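As C-alpha cells, the structure follows; a few thoughts come after it.
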Amino acid sequence: MNVVEMKGITKRFPGIVANDNIHLTVKEGEIHALLGENGAGKSTLMNVLFGLYQPDEGEIRIKGNKVEITGPNMANELGIGMVHQHFMLVDPFTVTENIILGEEPTKNGLIDKAKAEEEVRSISERYGLRVDPKAKIRDISVGMQQRVEILKTLYRGADILIFDEPTAVLSPQEIDELIQIMRNLVKEGKTIIFITHKLKEIMRICNAVTIIRRGKYVDRVEVNETDENQLASMMVGREVSFAVDKEEAKPDRTVLSIKDLHVLNSRKMEAVKGLDLDVRAGEIVGIAGVDGNGQTELLEAITGLRKVQSGSIQLNEQEISNLKPRSVTKKGVGHIPEDRHRRGLVLDFSVSENMVLQTYYQPPFSKVFNMNYKNVDQYAQKLVQEFDVRTPDIYTPSRALSGGNQQKAIIAREVDRDPDLLIAAQPTRGLDVGAIEFIHKRLIEQRDKGKAVLLMSLELEEVLKLSDRIAVIYEGTIVGWVDPANTSEEEVGLLMAGRKPGMEVKQ
Amino acid sequence: MIDTLTNILQTMVLYATPLILAAMGGLYSERSGVVNIGLEGLMTIGAFTAAVTTLATNNPWIGLLAAMLAGIILALPHAVASVTFKADQVVSGVAINFLALGISVYLVKAMYNGKAQTPTVLETLDRLPIPGLSQIPVIGPAFFNAFPTTYLAVFVVFLSYFLLYRTPFGMRLRAVGEHPRAAETMGVNVFLMRYIAVLISGALAAIGGAGLSIAIGSEFNETTVAGQGFIALAALIFGKWNPFGALGAATFFGLAVALALTGQIFGLTNYVPSEVLNMLPYILTILALAGVVGRAEAPAAIGKPYETGGR
Amino acid sequence: METMQRRLRESPVITSVVSVLLGMLVGAIMMIAAGYNPIQAYQALFMSAFLMPYDIGETIRTISPLILTGLAVGLAFRTGLFNIGVEGQFIIGQLAAVIVALKMDLPPVLHAVVAVLAGALGGALWAFLPGLLKATRGVHEVITTIMMNFIALYLANTLVRNWLSQGADSTETIPESASLRWDLLSQAFGNSRIHFGIFIALATALFMYYLLWKTTLGFELRAVGLNPHASEYAGMSVKRNLIMSMMISGLFAGLGGASELLGTSGYLAIHGSHTGIGFDGIAVALLGANSPLGIVFAAVLFGVLTYGGPVMQFEANVPTEVIRVVFAAIIFFVAANVVRWMMSKFGNKAVKKSD
Amino acid sequence: AGGNQGGGENEGGFSAGLVTDTGGINDESFNETAWAGMKKAKKELDADIKYLESKRDDDYNPNLTKFSREKRNIVWGVGFKFNKAIPEIAKQFPDQKFGIVDDNLGGKIPDNVVSVTFKEEEGSFLMGVIAGSMTKTDKVGFIGGITSPLIKKFEYGFRAGVKAANPKAKVTVAYAESFKDVAKGRSLAANMYNDGTDIIFHAAGGVGKGLFDEVKTREKGKYWAIGVDMDQSGLAPDHTLSSLVKRVDVAVFDIMKDMKENDKFPGGKEVELGLKEDAVVPAKTTSKHVPENVMKKVDEYKQKIVDGEIKVPSTEKEFKKYKG
Ligand SMILES: Nc1ncnc2c1ncn2[C@@H]1O[C@H](COP(=O)(O)OP(=O)(O)OP(=O)(O)O)[C@@H](O)[C@H]1O
Ligand SMILES: Nc1ncnc2c1ncn2[C@@H]1O[C@H](COP(=O)(O)OP(=O)(O)OP(=O)(O)O)[C@@H](O)[C@H]1O
Ligand SMILES: [Mg+2]
Ligand SMILES: [Mg+2]
C-alpha cells in the first residue's frame with residue numbers, strides 16, 4: 001500500500017520555485033530515500049508534507065485518503081513525524097521536556113513529570129534509543145540530540161517518519177547506530193523517508209529512491225536496480241567523479257608543532273589533555289574523531305580564539321600560543337571555521353565586505369584609517385570569479401547565499417591570503433557533491449603548493465580521502481596515527497571509539 | 001534600632017511592590033521572546049485608569065480591574081506590531097511608552113478641566129494588616145501590614161513560577177521564547193502564545209502602575225510612574241528572567257532606596273549631601289551587577305520576530 | 001505597473017510620509033473624540049514653527065539636541081547596543097560644559113571650543129563604564145545605563161548646589177566667551193536662541209556616516225555589532241569595539257548636552273527629573289532607522305511637533321500631549337511597516353480584479 | 001475643557017499673560033494660585049487673560065516671547081525658575097512689562113520687571129509654633145522637595161518657630177530631592193511617624209501628597225500633617241492641622257489693579273510680602289483642629305514678627321544665630 005502519495009506538488013517562494021510539480025510515492029514499511037543537490041527542494045517538500053508550508057499546487061494522500069495538512073498538529077494526527085535538518089530542540093529544556101512539549105501529560109493541571117519521564121524511558125527502551133531523560137539538551141552530544149528528535153516523533157505515535165539529513169552530523173559509529181535504529185523502526189511497522197547526500201547510505205538501507213533536481217522531479221528507482229554512479233549522475237545531471245586525484249605528498253619542513261597542549265572548554269573542563277601534533281609543509285593532516293573529543297577546542301587554541309592552559313604551539317618554529325587571533329592570522333594561518341554562520345561570516349555584511357573580514361585594515365583596502373571600498377570591491381569581484389561563488393553580485397548580503405556558496409566565499413578568503421598553515425574544519429558539512437568536489441580540489445591544490453593543511457572533519461570518508469596522514473583524536477589526545485593508504489574505516493572507527501586496534505570488541 | 005529596621009523593611013516593601021508586579025509582566029512577554037521596553041507605558045496607563053475609575057466608582061478594586069483591562073488593551077498594539085507585523089520590538093515598546101503618557105495626560109486634561117493631575121483619590125487600597133502575623137516584631141509591620149498590592153505581587157510571583165515551570169502553558173510559553181520554530185513543529189501556536197504573553201504583561205504591569213495611584217499614592221499625574229517601568233525592566237534582567245530572581249532584584253532595589261531614605265531621617269545628611277544618598281540605590285545596583293551577578297542569559301529567541309515558514 | 005508598485009512599497013520615503021499622515025489622522029480622531037477642532041489645532045501646530053523668523057530659529061534650536069541624542073542612540077544600535085543612557089550622558093555633557101565655562105578663564109571661541117570638547121569627553125566617559133562592564137563582566141548595558149541616568153541626575157544636582165553655586169538652584173549664567181550663540185545668527189532669526197549647536201549636530205551626522213561607512217573603525221564597529229563571534233574570529237577586539245561604540249555614542253550625547261547648555265540655556269539648573277531629551281533621542285533614532293540622514297529628518301519632525309505643541313494648546317486648547325500620541329502612532333506605523341501591508345492588500349485586490 | 005479665558009485683544013482694556021513653570025497651570029501650588037489672581041483680574045478689572053504652560057525649562061523664552069509679541073500689559077513668569085529667562089526677554093522687549101514670582105533676580109531687576117517674593121520663613125515660623133506647641137512626643141518633622149534656598153526658607157522658618165514654642169522639641173528634616181515622587185514623600189513620612197514624630201510640615205510640592213497619603217492611614221488625633229501653598233486640608237481632613245497659604249493670587253492681582261487703575265508699576269523693584277501683608281498665612285481651616293490657646297499663641301508671634309520684634313531666620317547662618 002502507498003502510505004504517502006504526493007502528486008504534482010508545487011511550492012513557490014518569492015523569486016524561486018522550490019518545488020515544481022514533484023511526485024513522491026512511499027510504500028508501507030519501506031525506507032525511501034529522497035535525493036538531490038543542495039537547494040534541490042528536499043526540505044521544502046518534506047516541510048509541505050509536515051504541514052509547515054502550504055503547497056501552491058498539488059495533492060497529498062496519506063494511506064489513501066486525500067488530505068490537506070494545515071499544520072504540524074494535523075501532521076501529527078496523521079501519524080507523520082519529522083526529524084528536521086536543523087535540530088528543533090529547546091536548548092535549556094531537558095530531554096523529557098523537549099519530547100513532551102505540546103502534548104504534556106498532566107495531573108491536576110500541572111505537568112506530570114514522573115509519568116512523562118517514565119514514558120520516555122519506555123519508548124526509548126523499546127526502540128533502542130538511549131537517552132538520559134533528565135539531561136538538558138545543551139549538555140548532551142549531537143547523537144543523543146538526534147535520538148531525542150526521533151523520540152519526539154515516536155512519542156506522538158508517528159508511523160511515517162521523515163529524517164532530513166540525519167547523518168550529516170554523526171560519527172561513523174553513530175551512523176551505524178542510527179541505521180540499526182531505522183531498521184528497528186521498520187520492523188515495528190514504521191515507514192521512513194530518508195534524506196541524505198551520502199549515496200553509500202542509500203545503497204545500504206533504502207528500498208527506493210526519489211531523485212529531484214533544481215526543484216523538479218527526476219525519477220523514482222528501486223535501490224536494487226541502480227548503483228551509486230547512476231544515482232549521482234541523476235542527481236547532478238552530469239557524470240561526477242568520486243575519486244580524488246592526488247599525487248604522493250612531498251612533505252617538507254614542519255610548519256605546525258604542538259607539544260603537550262592543555263585547553264579548557266567553555267564549561268571550564270579540560271577538553272584537550274596533553275596533545276601532541278605536527279603538520280609539515282606539503283601535506284594534509286586529517287584529524288579523525290567523534291564530535292566532542294576536543295577538536296573544536298584544539299583548533300580554537302591554535303587560532304588564538306581560546307586560551308591555552310599549558311603546552312606549546314609553534315608555527316614555523318615560533319611560539320604562537322595565547323597570541324591574539326589577529327597575530328596568529330598575521331603569522332600565516334588561514335582558518336575555515338567549523339560554524340560558518342557563527343564564526344565565518346557576518347551574514348548581514350555584503351559578500352564584498354566579508355571577503356576582507358581580516359584584512360580590511362591593510363592596504364590596499366585601507367589607508368591610514370579610511371576604508372578604500374573601491375579596492376575592496378575589486379578584490380571581492382576577483383575572488384568571486386576565481387572561486388565560482390554564485391551570488392547575484394558582490395553587494396548582496398551573504399545571508400542570501402546558499403550554504404555551499406557561503407562556504408566557497410570563506411574558502412576564497414582564507415586561501416587567497418596564502419597562509420602557511422590552512423586549517424579546515426568541517427569544510428564540506430551539508431554540501432552537495434558538486435560543491436564538495438570543488439572544495440576538495442582546492443584543499444589539495446594548497447597542499448601541492450607546499451602549504452601545510454590541517455583538516456578536521458567528522459566525516460571519516462572525507463578524512464580518509466584527503467589526508468596524507470591521519471591523527472585520531474579521543475578524549476583530548478591523539479591516540480594514534482594511521483596511514484590512509486593502509487587502513488580501513490573500521491580500524492579508524494575503533495580508534496575513534498577509544499579502542500586500540502586488535503583489542504577484543506565486546507558487543 | 002529595631003524601629004529603624006522596621007522602617008527600612010517597610011520602605012523596601014513599599015518601593016519593591018510596583019517593581020515586582022511590572023517585572024513579572026515583563027517576565028511573561030520576554031520569556032515568550034518579545035522584548036518589552038514598554039513596561040513604563042503599561043504602568044502609566046494602569047496608574048491612570050485605576051485613578052480615574054476609582055474616582056468614578058469609589059471602589060479601588062474596580063479601579064484595579066479596570067487598570068488590568070487598560071493594560072491589556074494598550075499591550076495589544078505592541079503585540080500586533082511586534083508579533084503580527086514583525087516590527088522591531090524595541091521600537092514598538094518605545095512607541096507604547098510615548099502613547100501611554102500621551103493618552104493618559106491628554107485624557108486627564110480633557111476630563112478634569114485642563115488639570116494635569118487627577119483629583120485626589122479618597123478610597124484607596126490601604127495597608128491591610130494580617131491579623132496575628134502583623135504583630136510579629138520587626139517583620140510583622142513590614143511584611144504583614146503591607147498594601148494589598150504587595151500581597152498580590154508576592155502571590156503573582158509564586159503563581160508565575162508555577163505557571164511557567166509546572167504547567168503545559170508555561171512550558172510552551174518558554175519554548176516559544178527559546179526556539180519558536182521547534183515549538184511550532186510540536187504543534188504550539190507561536191503567535192497565540194506570544195499574544196497571550198504580551199497581554200498578560202500588559203495586565204500585570206498595569207496593576208503595578210495602579211498601585212502607585214490608588215495604593216501608595218492617591219492621584220495620577222505625568223510623573224506618577226517616572227521611570228519605574230525602566231527600573232522594573234532592569235530588575236527583570238538583573239533577576240535573570242526568573243520570577244524569584246526578579247522578586248529578589250526588585251526587593252534589593254527597594255532596600256537600597258530604603259537605606260537612603262532612612263539614612264536621611266537619621267541625619268546622615270549632615271555628613272553626606274542628600275543627592276548623594278539618593279544616588280545610592282543606583283550605585284548599589286551597578287555594584288551588585290558588576291560584582292556578583294554578571295552575565296545574564298536572555299531567552300534565546302528574544303527580540304526576533306517569528307515567521308511561519310521562514311528560515 | 002508592477003515595478004512601480006514594488007518601488008512604492010519599498011521606498012522608505014513613502015513609508016515615512018504615509019506613516020506621518022496616518023499618525024496625524026490618529027491624533028485628529030483623538031481630538032474629535034474629546035471635542036476639539038483638529039484642523040485648527042494642526043494649523044496652529046505647523047504654522048507656529050514657521051510663523052516668524054523667531055519661531056524658525058527656536059524650532060531649529062529644538063531640533064539640534066534631538067539630532068545629537070538621536071545619533072547617539074542610533075550609533076549604539078548600529079553596533080548592537082541599546083544605549084538608554086543617552087539621557088545621563090547628555091546631563092554629564094551639560095555638567096562638564098558648564099564647569100569649563102564657569103571655572104576656566106579662556107579667550108572667546110577657544111573657551112567655547114574647550115567647553116564643547118569637555119562636554120563630549122564627559123559624555124564619552126559616562127558611557128565608558130557601561131561599556132566596560134558589558135565587555136568585561138557581561139552586564140547588560142540596558143540596566144547599567146538606566147542606573148547611570150539617575151546617578152548623573154543627582155551628581156549634577158549636588159555639584160550645582162554645593163560647588164557651582166552657593167546653595168542655589170542653578171549656576172550663574174556662563175560668560176559670553178563660552179557661549180555658542182552668535183549674535184548675527186540670533187538676529188537673523190528674530191533674536192531667537194538659535195546657536196552653533198545645529199552645525200555641530202549636522203557635522204556629527206556627517207561624521208557618523210563617515211565613521212561607519214568610510215573608516216576601518218566603522219567597519220569593525222558594524223561587524224562587531226552584527227556578529228561578535230565572527231568579528232573575534234577575524235581578529236577584531238570585541239571588547240575594545242564594544243567600549244569604543246559606547247564611548248562614541250556617549251560622546252554624541254555629551255556634545256548634545258554641551259551645545260544645549262552653551263547655546264540654549266547658558267546655565268545648569270537643579271532638576272527633579274530627567275530632561276527627556278535623551279529618551280526622545282531613542283524615538284528619533286528608531287524613526288530615523290538609525291541612519292544619520294534618517295535621524296536628521298526624524299529630529300526635524302519631532303522638533304517641529306515639540307515646538308508647536310504649546311502653541312496648539314494655546315490656539316486650539318488641545319492639550320499638548322496629543323503630540324505624543326501622534327508621534328507614537330507614527331513610530332508604530334513605520335515600525336510595523338503598515339504601508340507595505342496596505343500596499344500588498346491593495347495590490348492583491350487590484351491583481352484579482354484584473355484577473 | 002482647557003482654561004484660556006477671554007478672547008482677542010480688547011482695545012484700551014487691560015490684558016495680561018501668564019507663563020507657568022514646568023509644574024503646569026493646575027499644579028495645586030503657586031502656578032494655580034497665580035492663575036487665580038489672574039481670574040480675579042478678569043472678573044474685577046475686565047482683563048483679557050491667557051496662560052501658556054511650559055513643558056521644559058527651554059520653553060520659558062518662547063512662551064514669554066509669544067505674549068510679548070502680543071503686547072500684553074503685563075507678562076508673568078511664575079516661579080524662581082524664570083530668573084534667567086525674564087531678564088533676557090525683558091532686555092529684548094524693553095517696552096513690555098514683566099512680573100516674576102518667587103525670585104528677586106539677585107537684586108538686579110530691570111526697569112520693566114517687577115519681582116514678587118514672599119517671606120515664606122515668616123509663615124513657616126507660625127507653622128513651627130503650631131507644631132511645637134501641639135507635639136506630644138516632642139518630635140516634629142519637615143519634608144523638603146529639592147534642596148534650594150527657597151525651600152530652605154521654609155525649613156529654617158519652621159525650625160525657628162518650633163524652637164520658639166517648644167525648645168525641647170526635636171525637628172527631623174529630610175529632602176526628597178524631587179517635587180514629584182509621591183512614594184518618596186510617603187516613605188519619608190512613614191519613617192518619621194514610625195520614629196515617633198507626630199507632626200510633619202512639608203514644602204515639597206507633589207511629594208507632599210505622599211505625606212497626606214500616609215497620615216490619613218494613621219490614628220486620628222495622634223498624627224498630623226501641615227500643608228503648604230494652598231489649603232491642603234481637603235487631602236486629609238481629619239489629619240491636617242494647618243496649611244501655610246501663600247497668597248500669590250493677591251500679590252498678582254494687586255499689582256495689576258494698581259497698573260490698571262492708578263497706572264503705577266513698581267518696575268525695577270522687589271515687592272516682598274510677608275505676614276505684615278497677610279501674604280503668608282495659616283489656612284482658615286486651622287482653627288478646626290488647633291485649640292484656641294495655640295491659636296492665640298500664633299497670633300502673638302505673628303504680631304511680634306509684624307512688629308519686627310522677632311526677625312525670622314531664612315538661612316542656615318541666620319538660624320544658627322537665632323536664639324528662640
Ligand atoms: N523560506 C524560504 N524562503 C525563501 N526561499 C526558500 C525558503 N525555503 C527554501 N527556499 C528555497 O527553496 C529552495 C529549496 O530549498 P530546500 O531547503 O528545500 O533545499 P534542500 O534540497 O533541502 O537543500 P539541502 O540539501 O541544502 O538541505 C532553495 O533554493 C531555497 O532558496
Ligand atoms: N531568509 C531567507 N529568505 C530567502 N531566502 C533564503 C533565506 N535564507 C536562506 N535563503 C535561501 O535558502 C537557500 C539555502 O539556504 P540554506 O542556508 O538552507 O543553504 P544550505 O545549502 O542548506 O546550507 P546549510 O548547510 O547551512 O544547510 C539559499 O539559496 C538562500 O538564498
Ligand atoms: Mg534541506
Ligand atoms: Mg542545507
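Convention: sequence-line order gives letters A, B, ...; per-chain numbering from 1. For clarity, every value in this text was computed on a predicted model and none was experimentally measured.
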Report task. Please flag which part of C/I84 lies under 4.5 Å from any non-hydrogen atom of chain B: side chain, backbone, both or neither. Result -> side chain
**Report entry** Taking every non-hydrogen atom, the tightest pair across C/R324 and B/G102
**Finding:** CB-CA, 3.7 Å
Query raised in the report: Strictly under 6.0 Å, is that where the ring centroids of C/F279 and B/F230 end up?
Result: yes
Query raised in the report: Rounded to the nearest 0.5 Å, how far apart are CD of C/E321 and CD of B/E222?
Result: 6.0 Å
Query raised in the report: Given that the side chain runs from C-beta out, which part of C/V318 has a heavy atom under 4.5 Å from chain B: side chain, backbone, both or neither?
Result: side chain
Query - Partner chain C: residue of B/G227, B/S82, B/A87 with the largest heavy-atom pair count (under 4.5 Å) - result: B/A87
Query raised in the report: Where do B/D88 and C/L286 land on the side-chain contact (heavy atoms from CB on, under 4.5 Å) test, with the steps shown first?
Result: CA-CA 9 Å; B/D88 186 313; C/L286 298 175; 5.5 Å; no
Report summary line: Under 4.5 Å to a heavy atom of chain B? For C/V322 that would be both
Report summary line: Between B/M279 and C/T158, the two heavy atoms sitting closest are CE-CG2, 4.4 Å
Query raised in the report: Is it the backbone or the side chain of C/I146 that comes under 4.5 Å from a heavy atom of chain B, or both, or neither?
Result: side chain
Requested in this report: Please lay out, stage by stage, how C/D280 and B/F98 fare under the test side-chain contact (heavy atoms from CB on, under 4.5 Å).
Outcome: CA-CA 9 Å; C/D280 290 351; B/F98 267 79; 3.6 Å; yes
Query raised in the report: Relative to each other, are the rings of B/Y282 and C/Y154 parallel, tilted or perpendicular (30° and 60° limits)?
Result: parallel
Query raised in the report: Of the backbone (N, CA, C, O) and the side chain (C-beta and beyond), which part of C/F77 lies under 4.5 Å from a heavy atom of chain B, both, or neither?
Result: side chain
Report summary line: In short, B/I286 meets C/M148 closest at the heavy-atom pair CD1-SD, 3.6 Å
Report task. Identify the two heavy atoms, one from C/V325 and one from B/I103, that lie closest to each other, and give their separation to 0.1 Å. Result -> CG2-N, 3.5 Å
Query - C/F150 side, atom CZ; B/I231 side, atom CD1 - distance, nearest 0.5 Å - result: 4.5 Å
Query raised in the report: Is it the side chain or the backbone of B/V105 that comes within 4.5 Å of chain C heavy atoms, both, or neither?
Result: both
Query raised in the report: For B/P305, is it the side chain, the backbone, both or neither that has a heavy atom under 4.5 Å from a heavy atom of chain C?
Result: neither
Report summary line: When the 4.5 angstrom heavy-atom criterion is applied to C/N162 and chain B, the contacting part is side chain
Query raised in the report: Hey, is CZ on C/F82 packed in by over 12 heavy atoms from elsewhere, all under 6.0 Å?
Result: yes
**Report entry** Side-chain heavy-atom pair B/Y106, C/T320 within 4.5 angstrom cut-off
**Finding:** no
Report summary line: For B/S92 and C/F332 the tightest heavy-atom approach is OG-CE2, 3.4 Å
Report summary line: Of B/V90, B/L233, B/L236, B/V35, the one forming a side chain to side chain contact (heavy atoms under 4.5 Å, CB included) with C/V142 is B/L233
Query raised in the report: Can you tell which of C/I331, C/L153, C/I151 has the highest number of heavy-atom pairs within less than 4.5 Å of chain B?
Result: C/I151
Query raised in the report: Do you know which two heavy atoms are closest between C/A328 and B/A95, and how far apart they sit?
Result: CB-O, 3.3 Å
